[in-house]
Amino acid sequence: MNWTTTQVEQLFSLPLFDLLFAAQQVHRKHHDPGAVQLSTLLSIKTGACPEDCAYCPQSIHHDTGVERTGLLPLEEVLVRARAARDAGATRFCMGAAYRSPKPKDLERVKAMVREVRALGLETCATLGMLTPAQARELKEAGLDYYNHNLDTSADFYAGIITTRRYEDRLDTLAAVRDAGLRVCCGGIIGMGETVRDRASLLVALASLPVPPESVPINRLVAVPGTPLADAPAIDPFDFVRTIAVARIVLPRATLRLSAGRDTMSDELQALCLLAGAGSIFYGEKLLTTGNPDVDRDRRLLERLGLAPQRAGTLPRDAAA
Ligand code: SAM
Ligand code: DTB
Ligand code: SF4
């Protein structure tokens with residue numbers, strides 16, 4: 001279905017339970033409602049990013065006290081990847097605070113991708129903007145997913161980031177798709193955007209030539225020192241609504257309940273999973289901010305009667 005922003009905005013105004021009911025029906029049609037995919041995130045290069053994203057603690061333009069690192073050594077990445085696999089994660093996502101990767105850094109990231117994949121994990125990377133040739137190189141190295149978010153509506157974007165354009169993001173997404181990589185692309189809720197902006201972001205995602213396979217929905221972590229440090233927290237039900245509407249508009253995508261989860265109650269997380277989220281970041285840290293510890297997450301899934309998605313049931317196995 002080709003959604004218009006106005007139609008999607010109308011979904012946001014449905015009574016919450018009508019919206020949740022509709023979203024669950026879509027979820028059950030396309031996904032296993034009893035399984036949650038677990039992805040572990042590692043910051044392989046932290047801080048000093050030249051971009052000025054207003055939400056991001058890693059931008060060099062904001063004084064947030066984040067300690068910068070160079071690109072981590074391969075061995076350290078592999079230790080973390082093995083630990084993630086042994087704890088039950090099926091995907092390992094490597095994030096770098098780059099505007100775009102330099103050739104010599106890309107060579108090292110490709111080695112990480114090869115070796116992490118050899119551990120039996122799915123691989124994901126997020127390294128900023130890519131050229132079509134860089135996207136193909138990553139594909140050849142065995143990368144499964146590339147994460148590159150639209151983050152918000154095209155209109156709201158210009159007030160959040162000035163160092164790149166929305167179209168730059170779309171160009172990278174096209175390069176990633178053309179290289180045969182799976183696309184992970186989502187956004188952030190709670191930056192002061194309107195419901196129409198949220199609707200417009202979801203329409204932009206659904207209108208990509210091929211919609212993303214994976215859609216992270218981040219709740220803004222208002223980090224001191226960033227321009228959004230004092231952004232008012234959004235009503236938790238509005239966050240749930242966003243997930244439910246995303247479920248309806250992007251029926252086949254796996255929706256990931258992403259940043260900001262460690263300050264959510266178990267009950268709010270349960271509502272997000274009911275609304276159609278089918279994946280979480282798993283492990284005590286995201287890139288620089290906190291995440292629930294693995295025991296709390298395992299216990300939550302158990303209490304809800306949900307099971308972690310098992311290796312062996314992944315798209316990469318189906319393709320093999
Ligand atoms: N530099 C690369 C880029 O921007 O594509 C990759 C890393 S960047 C940190 C990945 C995503 O993290 C951003 O697109 C944004 O959605 C999310 N993010 C960053 N800071 C956040 C925050 N404070 N709260 C919520 N999400 C955040
Ligand atoms: C995404 O959409 N969320 C993740 C992942 N993609 C790379 C990152 C969240 C970062 C939250 C802020 C931080 O920890 O620095
Ligand atoms: Fe850099 Fe990505 Fe943070 Fe923007 S979101 S400042 S591009 S690390």
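Read the numbers this way: they start at 1 and go in the same order the structure lists the ligands and their atoms. Every heavy atom of this structure was used, including side-chain atoms; hydrogens, water molecules and symmetry mates were not. Start at 1 with the first residue, then count along the sequence.
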(message) Under a plain distance cut-off of 3.5 Å, with no hydrogens placed, do T46 and Q58 share a side-chain donor-acceptor pair?
(response) no
(message) I need the atoms of ligand 2 closer than 4.0 Å to a non-hydrogen atom of T288, numbered in the order shown.
(response) 13 (C), 14 (O), 15 (O)
(request) Please state which part of R169 comes within less than 4.0 Å of ligand 1, counting heavy atoms only: side chain, backbone, both or neither. (result) side chain
(message) Starting from atom 5 (C) of ligand 2, what is the nearest protein heavy atom, named by residue and atom, and what distance separates them?
(response) F281 CZ, 3.8 Å
(message) Would you say CG of D86 has more than 12 non-hydrogen atoms from neighbouring residues, nucleotides or ligands within 6.0 angstrom?
(response) yes
(request) Output yes if C53 passes the N/O/S-under-2.8 Å test against atom 4 (Fe) of ligand 3; output no otherwise. (result) yes
(request) Measure L287 to ligand 1 on non-hydrogen atoms and call it side chain, backbone, both or neither using the 4.0 Å cut-off. (result) side chain
(request) Ignoring hydrogens and angles, state whether a donor on the side chain of D197 or T194 is under 3.5 Å from an acceptor on the partner side chain. (result) yes
(request) Specify the protein heavy atom at minimum distance from atom 16 (O) of ligand 1: its residue, its atom name, and the distance to 0.1 Å. (result) D151 OD1, 2.6 Å
(message) If the threshold is 4.0 Å, N to carboxylate O, is there a salt bridge linking E107 and K104?
(response) no
(request) Could you tell me which atoms of ligand 2, counted from 1 in the order shown, lie closer than 4.0 angstrom to a heavy atom of L41? (result) 4 (C), 7 (C), 8 (C)
(request) Report the member of N291, N147, L220, T64 with the shortest heavy-atom distance to atom 6 (N) of ligand 2. (result) N147
(message) Salt bridge or not between D297 and R261? Use side-chain N to carboxylate O under 4.0 Å.
(response) yes
(message) Taking a cutoff of less than 4.0 Å between a non-hydrogen atom of the residue and any ligand atom, is G95 in contact with ligand 1?
(response) no
(message) Looking at non-hydrogen atoms alone, which of N149, V215, N218 comes nearest to atom 3 (N) of ligand 2?
(response) N218
(request) Any atoms of ligand 2 less than 4.0 Å from a non-hydrogen atom of P57? List them with their elements. (result) 15 (O)
(message) Salt bridge or not between D295 and R298? Use side-chain N to carboxylate O under 4.0 Å.
(response) no
(request) Look at atom 27 (C) of ligand 1 and say which protein heavy atom is nearest, naming residue and atom and giving the distance to 0.1 Å. (result) I188 CD1, 3.8 Å
(request) Check each atom of ligand 2 against the heavy atoms of T126 and keep those under 4.0 Å away; list them by number with element. (result) 7 (C)
(message) Does R219, at its CZ atom, have more than 12 non-hydrogen atoms belonging to other residues, nucleotides or ligands within less than 6.0 Å?
(response) yes
(message) Less than 4.0 Å from atom 2 (Fe) of ligand 3, is there any heavy atom belonging to the protein?
(response) no
(request) Identify, by atom number and element, the atoms of ligand 3 in contact range of A97, meaning under 4.0 Å from any of its heavy atoms. (result) 8 (S)
(request) May I ask you to identify, for A96, whether its side chain, its backbone, both or neither come under 4.0 Å of ligand 1 on a heavy-atom basis? (result) backbone
(request) Below 4.0 angstrom from a heavy atom of P216, which ligand 2 atoms are there? Numbered from 1 as shown, please. (result) 2 (O)
(request) Could you tell me whether the side chains of S153 and R196 share a donor-acceptor contact shorter than 3.5 Å? (result) no
(message) Taking 4.0 Å as the limit for heavy-atom contacts, which would you say applies to V221 with ligand 2: side chain only, backbone only, both, or neither?
(response) neither
(request) Give the contacting part of R219 toward ligand 1: side chain, backbone, both or neither, where contact means a heavy-atom distance below 4.0 Å. (result) backbone
(request) Would you mind checking which non-hydrogen protein atom is closest to atom 21 (C) of ligand 1, with the distance to 0.1 Å? (result) Y55 CD1, 3.8 Å
(message) Are V215 and L41 connected into the same hydrophobic cluster when the rule is that any two of I, L, V, M, F, W, Y join if their side-chain heavy atoms are below 4.5 Å apart?
(response) no
(request) Could you check atom 12 (C) of ligand 2 against the protein and tell me its nearest heavy-atom contact, residue, atom and distance included? (result) T289 OG1, 3.6 Å
(message) My understanding is that only one of C184, S279, C124 makes a side chain to side chain contact (heavy atoms under 4.5 Å, CB included) with R91; could you say which?
(response) C124
(message) Looking at atom 8 (S) of ligand 1, tell me if a protein heavy atom falls under 4.0 Å from it.
(response) no
(request) Measure V223 to ligand 2 on non-hydrogen atoms and call it side chain, backbone, both or neither using the 4.0 Å cut-off. (result) neither
(request) Report yes or no: does a heavy atom of R164 sit under 4.0 Å from some atom of ligand 3? (result) yes
(message) If the threshold is 4.0 Å, N to carboxylate O, is there a salt bridge linking R296 and E284?
(response) no
(message) My understanding is that only one of R256, Q37, R182 makes a side chain to side chain donor-acceptor pair (under 3.5 Å) with S214; could you say which?
(response) R256
(request) Would you mind running through ligand 2 and noting each atom that sits below 4.0 Å from a heavy atom of L286? (result) 14 (O)
(message) For atom 25 (C) of ligand 1, what is the closest protein heavy atom, and at what distance to 0.1 Å?
(response) A259 CB, 3.6 Å
(request) Establish whether atom 12 (O) of ligand 1 and some protein heavy atom are separated by less than 4.0 angstrom. (result) no
(message) Just to confirm my output: which protein heavy-atom neighbour is closest to atom 10 (C) of ligand 2, and how far is it?
(response) L287 CD1, 4.0 Å
(request) Determine whether the side chain, the backbone, both or neither of T289 has a heavy atom under 4.0 Å from any heavy atom of ligand 1. (result) neither
